[in-house]
A.B. asks: 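Following this message is one structure expressed as structure tokens.
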2 protein chains.
Amino acid sequence: MYSIDNKQFPCSTSLTMKYIGGKWKAVILIHLIKKKRYSELRKELPMVTERTLSLQLKELESDGLITRTVHTNKPPLKVDYALSEFGQTLIPLLKGIAEWGKEAAAKSDQVTIVPC
Amino acid sequence: MYSIDNKQFPCSTSLTMKYIGGKWKAVILIHLIKKKRYSELRKELPMVTERTLSLQLKELESDGLITRTVHTNKPPLKVDYALSEFGQTLIPLLKGIAEWGKEAAAKSDQVTIVPC
DNA sequence: CAGGATCCCCAAGGATACTG
DNA sequence: CAGTATCCTTGGGGATCCTG
């Protein structure tokens with residue numbers, strides 16, 4: 001049994017899901033395997049709304065998975081996001097998740113592949 | 001871009017999360033690596049409420065990840081749940097998720113390990 | 001025994017407009 | 001450029017009781 005900030009997680013699986021669960025966290029993390037500007041991230045993830053993206057980034061940062069670096073403080077701002085050392089330990093898992101999705105799409109007849 | 005039942009998934013990662021995301025799906029799946037009776041599952045997962053467990057099991061079944069087998073139709077019923085062939089392809093990933101959680105708990109100073 | 005039915009609530013997430 | 005602020009919707013999940 002694990003606990004973070006007085007919230008309980010009954011097993012290691014649920015603990016991992018606290019970090020990468022939710023609708024977009026894993027997607028954002030996998031895009032941050034390469035360090036990226038906020039605006040680049042937005043362009044790559046148009047399906048995630050501004051508000052949600054920035055909330056998720058904050059959570060990921062406070063969870064210690066990513067780092068946020070501000071390069072100028074006079075507008076226009078430049079902000080980089082990247083995986084922290086801790087976040088980098090997730091890379092194999094993230095790649096596994098993406099890979100399984102691809103294979104599942106190929107196998108399952110419930111999934112259809114559509115052009116963007 | 002993928003689509004299931006008219007819902008859009010922009011990348012393979014989000015597709016995987018559709019299957020194992022949510023608060024309990026991965027936890028339930030990992031417990032079903034060994035075939036199990038409904039009542040056994042309930043005992044092992046006391047933190048998941050009845051309603052949620054049965055809803056999640058239904059979803060997992062309709063997603064094709066698990067199979068449900070009824071052994072008697074006169075009460076008392078006996079029902080087994082197990083990973084389907086498709087669901088079994090998730091096993092390495094599920095183990096990876098559980099494993100990362102353990103290591104994260106050991107490393108992170110935000111996580112505390114508490115007795116049940 | 002293995003769930004379904006009901007009621008409820010909160011938090012995740014969406015849309016849009018605005019700002020240091 | 002990189003976010004906040006505000007408002008709103010929805011559905012995931014909890015608690016409890018009931019049933020084939």
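So that the names make sense, note that chain A is the first sequence line, chain B the second, and so on, each numbered from 1.
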A.B. asks: Measure from CD on A:E61 to P on D:dA2 and round the result to the nearest Å.
C.D. replies: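 In whole Å, D:dA2 P lies 15 Å from A:E61 CD.
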
A.B. asks: Given atom CD1 of B:I28 and atom C1' of C:dG3, what is their separation to the nearest angstrom?
C.D. replies: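 In whole Å, C:dG3 C1' lies 14 Å from B:I28 CD1.
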
A.B. asks: What heavy-atom pair brings A:V48 and A:L53 nearest, and what distance separates the two atoms?
C.D. replies: CG1-N, 3.6 Å

A.B. asks: Looking only at side-chain N and O atoms, does B:R37 come under 4.0 Å of OP1 or OP2 in C:dC1?
C.D. replies: no

A.B. asks: Check for a donor-acceptor pair, side chain of B:Q88 on one end and backbone N or O of B:I33 on the other, with a separation under 3.5 Å.
C.D. replies: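 Between the backbone of B:I33 and the side chain of B:Q88 there is no qualifying donor-acceptor contact (under 3.5 Å).
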
A.B. asks: May I ask you to verify if any side-chain N or O of B:S39 is less than 4.0 angstrom from the OP1 or OP2 atom of C:dA2?
C.D. replies: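 Answer is yes, contact under 4.0 Å.
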
A.B. asks: Take the protein atom CZ of A:R42 and the nucleotide atom P of C:dT16, then report the distance between them rounded to whole Å.
C.D. replies: 13 Å

A.B. asks: Give the B/S/- string for nucleotides 4-17 of chain D, one per nucleotide from 5' to 3', where a protein heavy atom under 4.0 Å of the base yields B, of only the sugar-phosphate yields S, and otherwise -.
C.D. replies: B-BB-----BBB-B

A.B. asks: Under the ring-ring contact (aromatic ring centres under 6.0 Å, His included) rule, collect the residues that match up with A:Y38, sequence neighbours excluded.
C.D. replies: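 For A:Y38 there are no ring-ring contact (aromatic ring centres under 6.0 Å, His included) partners, ignoring immediate neighbours.
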
A.B. asks: Set out, in order, the CA-CA distance, both residues' side-chain angles and the distance that settles side-chain contact (heavy atoms from CB on, under 4.5 Å) for A:V79 and A:T69, then state yes or no.
C.D. replies: CA-CA 6 Å; A:V79 179; A:T69 315; over 6 Å; no

A.B. asks: Output, in order, the C-alpha distance, side-chain angles, deciding distance and verdict of side-chain contact (heavy atoms from CB on, under 4.5 Å) for B:K78 and B:V70.
C.D. replies: CA-CA 6 Å; B:K78 293 190 181 186; B:V70 184; over 6 Å; no

A.B. asks: How large an angle, rounded to 10°, do the end axes of the helix from C:dC1-D:dG20 to C:dG20-D:dC1 enclose when each is built from five base pairs?
C.D. replies: 60°

A.B. asks: Using modelled atom types and a 3.5 Å cut-off, is there a donor and acceptor pairing between side-chain atoms of B:T16 and backbone atoms of B:S12?
C.D. replies: yes

A.B. asks: May I have the distance from A:L60 (atom CG) to C:dA12 (atom P), rounded to whole angstrom?
C.D. replies: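 To the nearest whole Å, that distance equals 13 Å.
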
A.B. asks: Please confirm whether the backbone N or O of A:T112 pairs with a side-chain atom of B:S3, one donor and one acceptor, at under 3.5 Å?
C.D. replies: no

A.B. asks: Round to a whole Å and report the spacing from NZ of B:K78 to P of C:dA2.
C.D. replies: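 Atom-to-atom, B:K78 to C:dA2, this comes out as 9 Å.
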
A.B. asks: Ring pair (Phe, Tyr, Trp, His ring centres under 6.0 Å) for B:F86 and A:W100? Distances and angles first, verdict last.
C.D. replies: CA-CA 11 Å; B:F86 182 40; A:W100 188 88; 5.5 Å; yes

